[in-house]
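Read the numbers this way: they start at 1 and go in the same order the structure lists the ligands and their atoms.
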Amino acid sequence: MRNISRRTAVAGLASTTAAMAFQPAAFAAAKKIYDLVPIKVADGIWMIEGATEYFTQDNGGAIVNCTLIETSAGLVVIDTGPSLRYGVALRNAIAQLSTLGVAAVINTHHHPDHFFGNQVFNQIPIYALEETRKLAETEGDAFSDNMYRLLGDWMRGTEVTPPNKAIASSSLSIGEREFLIYPLEGHTSSDLAILDKKTGTLIAGDLAFLDRAPTTPHANIAKWKESLQQLKAVDAAGIVPGHGIFDRAGNSLNQTTAYLEWLDQSLRTSVTEGLDMVEALESSIPEEFLAMGAMPQEFQRSVAHLYPDLEREILPLTNR
Ligand SMILES: [Zn+2]
């Protein structure tokens, strides 16, 4: 259950607790307050679970999972949410977990829901793969325009703050805790997965989704599937997917692989059969995928992202 006292502390609205108890989610959305509740998932690891929807005025863009990991030097924050306001709420939630503060931030990739809260952590190391850092710099402003358009006032004051430190090594030590670094790709051209050695917890970023349709605006599906194979080989004790609940059984890796295989095959079949993009949008979606969050909208977006390239790849061959 959601924690009234924490949300109240975040909002600084102690006097309205009674009113909030009636319809807390609606209240939080109306007041544009992020309701961030860390959920403990392993020894010294918490996740803040995002909504499994697309960006809306109701969720304020809080659709992403953020991970908090306790170390002797302070907490490590993996991904920071969609806005300055989210970053502030995240910092307040963290203050209730540890008095040591935040030692470092790590961004898994350059999508705006994962790094636009960086602004409140700009005095400390914000790690990412070098390619991610560059992409955040070059594409950040365009993402920002789009996020302001989608989320309006939730974004107020948000300024793009790219990661400030590149991770070049295969492991990273913060305090006494050691993390293995997996530089992968496929969801974007630069996707970082992180394994906490102490607990065997894998923070998979958006390489893994669970019961929420994967997003594909920058995807290379073949490379993404290869990365998922590598992550399966890690044999993690638990997985924090980029979107969806904590995964103790590897379901997120299997489900994401299955969805990508179906998506690729379905679109290829549509192209081969000579369907245009509008007709491809009408393709039937298997029940198991239709039940995911953000469906069928995410499938429709994927058709728009992927269809032109597939037509270029496939049509010349079928015309020979
Ligand atoms: Zn992403």
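For the ring pair (Phe, Tyr, Trp, His ring centres under 6.0 Å) condition, the pairs that include at least one residue of residues 233-252, sequence neighbours left out, are H114-H243, F209-H243. Among pairs with a residue in residues 68-105, those fulfilling ring pair (Phe, Tyr, Trp, His ring centres under 6.0 Å) read Y34-Y86, at least two apart in sequence or across chains.
At distances below 3.5 Å, at least one donor-acceptor pair connects side-chain atoms of Y148 with backbone N or O atoms of M155.
When the ring-ring contact (aromatic ring centres under 6.0 Å, His included) test is applied to F55, no partner is found at least two apart in sequence or on another chain.
Here the options are L172, I69, T80, D79, the test is side-chain contact (heavy atoms from CB on, under 4.5 Å), and the partner is I106; only L172 passes.
Taken from CD in E70 to CD1 in I94, the straight-line distance is 12.0 Å, to the nearest 0.5 Å.
For the Zn ion (ligand 1), the tally of protein N/O/S atoms lying closer than 2.8 Å stands at 4.
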